[in-house]
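Convention: sequence-line order gives letters A, B, ...; per-chain numbering from 1. Just so it is clear, the structure is predicted and the values come from calculations on it, not from any experiment.
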Protein chains: 2
Amino acid sequence: MRKLSELEGAALGIIARAQPVTPYQVRKIFAQSPNPHWSASAGSIYPLIKRLEEAHFVSAEEHATGERFGQKYALTKTGRKRLRHWILGGDHVKLVGLPDLVRIRVAMMLVLSADEQRQFLTAMEQKLLEALAITRADVTLKAAEKDRDPLSLLISRGALLQTEARLVWIREVQAVMLGPRRPD
Amino acid sequence: MRKLSELEGAALGIIARAQPVTPYQVRKIFAQSPNPHWSASAGSIYPLIKRLEEAHFVSAEEHATGERFGQKYALTKTGRKRLRHWILGGDHVKLVGLPDLVRIRVAMMLVLSADEQRQFLTAMEQKLLEALAITRADVTLKAAEKDRDPLSLLISRGALLQTEARLVWIREVQAVMLGPRRPD
DNA sequence: GGACACATGTAATACGTTACATGATTTT
DNA sequence: AAAATCATGTAACGTATTACATGTGTCC
């Protein structure tokens, strides 16, 4: 296998933490993550895990629940090695540059009418507020069990700090673009 | 054309601002953007613009410089409409959730040895500092011409706020994961 | 006039998405 | 028993990436 894609690396990391897992569980973990940016559909996960298995990064183990049979996958040693290499060996310049779908739309906001601009910015502020609430809840949840899992708390904290920054920013945009003073 | 991809929308936005432009110029603008997250290679841009043209979102105009002939593209009315719709009509939940390639790697940091963890976090902090410097320079640059183009300044400000937040966070991670006090 | 960047593509490849299909388990 | 959800896939499709190919303008 040439090079792990972002989704493959993420999946491998999930398997590493939750092993042994079924593909379906991996899918669930993707879906349940706060702010999911992958669809993590069946069409992506099952072939992906099959690829990982063919590359001997994960190994399957039969598991049966009643009549159903399925595979539970666990990380192999080479898989672990490969995961370490994936984390450390990425192009660091690409890692720090992140695509903000909101920002890119704000950047081309001038094609919108004044009303549309206001509408868009308000909607974005609203969604960021919702995301903020979700992330805050997640942080307090993770904080409760931080002794067992300090890293999960940190990850949630990261999402929180970013969402806060984006909210501050979108309001800055509102202030400048919609006029500094706007009495309703 | 079914639905604009993220790259297509971005390209259309660039064309909207800089029209009339050649595909090569679009490519340059992508590449020169601070923190580029798309390769914006020839293999993506040329077919992309051809698609946009076939969908009548952009129209070509012959332009000649010496012996060379090429196309300069400009937004059509339907293209402008489509761009507006693309900005406003995206799935707002997906827009606010952004994939942070650093955070996802930090999340699976436990497969690393203590030394590797330190190495990785230090490298990330370093790269974020570099990104911060670049973004700061960009902000001051855009601030100088903010009267002509207030939006560009805001976009740079957005990148700055995010980078700052990520830097604060990575240091939080360092403090927790590498021990609260670490005398060298 | 040779080297190098400019400018425009094409080909092979791979990956993720949506949509579809199917059987098992649980719920009502 | 019907309906809904769980769980595991497959097929078609589109799009971005890397690598390659080719000719033009400019620099020394």
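What you find for I15(A) and L75(A) is that their closest heavy atoms are CG2-N, 4.1 Å. The two residues P23(A) and Y46(A) have their closest heavy-atom pair at CB-CE2, 3.4 Å.
Put simply, OH on Y46(B) is 15 Å from P on dT17(D), counting in whole angstrom units. Distance CD1 (I49(A)) to P (dT10(D)): 13 Å, rounded to an integer number of Å. Rounded to whole angstrom, the span from the NE2 atom of H37(A) across to the P atom of dT17(C) amounts to 10 Å. Atom CD in Q32(A) sits roughly 10 Å away from atom P in dC6(D) (whole-Å rounding). When rounded to the nearest whole Å, the span between OH of Y73(A) and P of dT8(D) equals 9 Å.
Partners of A60(B) by side-chain contact (heavy atoms from CB on, under 4.5 Å), not counting sequence neighbours, listed by chain and number: E53(B), Q71(B), Y73(B). Judged as a side-chain contact (heavy atoms from CB on, under 4.5 Å), and not counting sequence neighbours, the contacts of L95(A) are H92(A), L101(B), V102(B), R105(B), M124(B). By the side-chain contact (heavy atoms from CB on, under 4.5 Å) test, A107(B) pairs with I155(A), sequence neighbours left out. Take E145(B) and apply the salt bridge (charged side-chain N to carboxylate O under 4.0 Å, His left out) test, not counting sequence neighbours, and it matches no residue. For P47(A), the side-chain contact (heavy atoms from CB on, under 4.5 Å) partners are R51(A), not counting sequence neighbours. Residues meeting the salt bridge (charged side-chain N to carboxylate O under 4.0 Å, His left out) test with E172(B), sequence neighbours left out: R157(A).
The pair E164(B)-R136(B) counts as a salt bridge, with a side-chain nitrogen and a carboxylate oxygen less than 4.0 angstrom apart. Taking the charged nitrogens against the carboxylate oxygens, D149(B) and R17(B) do have a contact shorter than 4.0 Å, which makes a salt bridge.
For the side-chain hydrogen bond (donor to acceptor under 3.5 Å, both in side chains) with Q174(B), the lone residue among Q117(B), R118(B), E125(B) that qualifies is E125(B).
Taking a 4.5 Å side-chain heavy-atom cut-off between Ile, Leu, Val, Met, Phe, Trp and Tyr, the cluster of L98(A) extends to L98(B). Here L141(A) sits alone; no ILVMFWY side chain lies under 4.5 Å from its own, so it joins no hydrophobic cluster.
A heavy atom lying under 4.0 Å from DNA chain C marks none of the residues of residues 13-27 of chain A. Only at 4.0 angstrom or more do the heavy atoms of residues 80-97 of chain A sit from any atom of DNA chain C, so none qualifies.
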Close N/O contacts between protein and nucleotides 13-16 of chain C (under 3.5 Å):
from, atom 1, to, atom 2, distance (Å)
dG16(C), OP1, S5(A), OG, 2.7
dG16(C), OP2, R51(A), NH2, 3.1

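Within the structure, a side-chain polar atom (N or O) of K50(B) is placed less than 4.0 Å from OP1 or OP2 of dT10(C). Close to dA5(C), at under 4.0 Å from its OP1 or OP2, lies no side-chain N or O of K28(B).
Over its full length, the helix from dG1(C)-dC28(D) to dT28(C)-dA1(D) turns its helical axis through 20°, comparing axes from the five pairs at each end and rounding to 10°.
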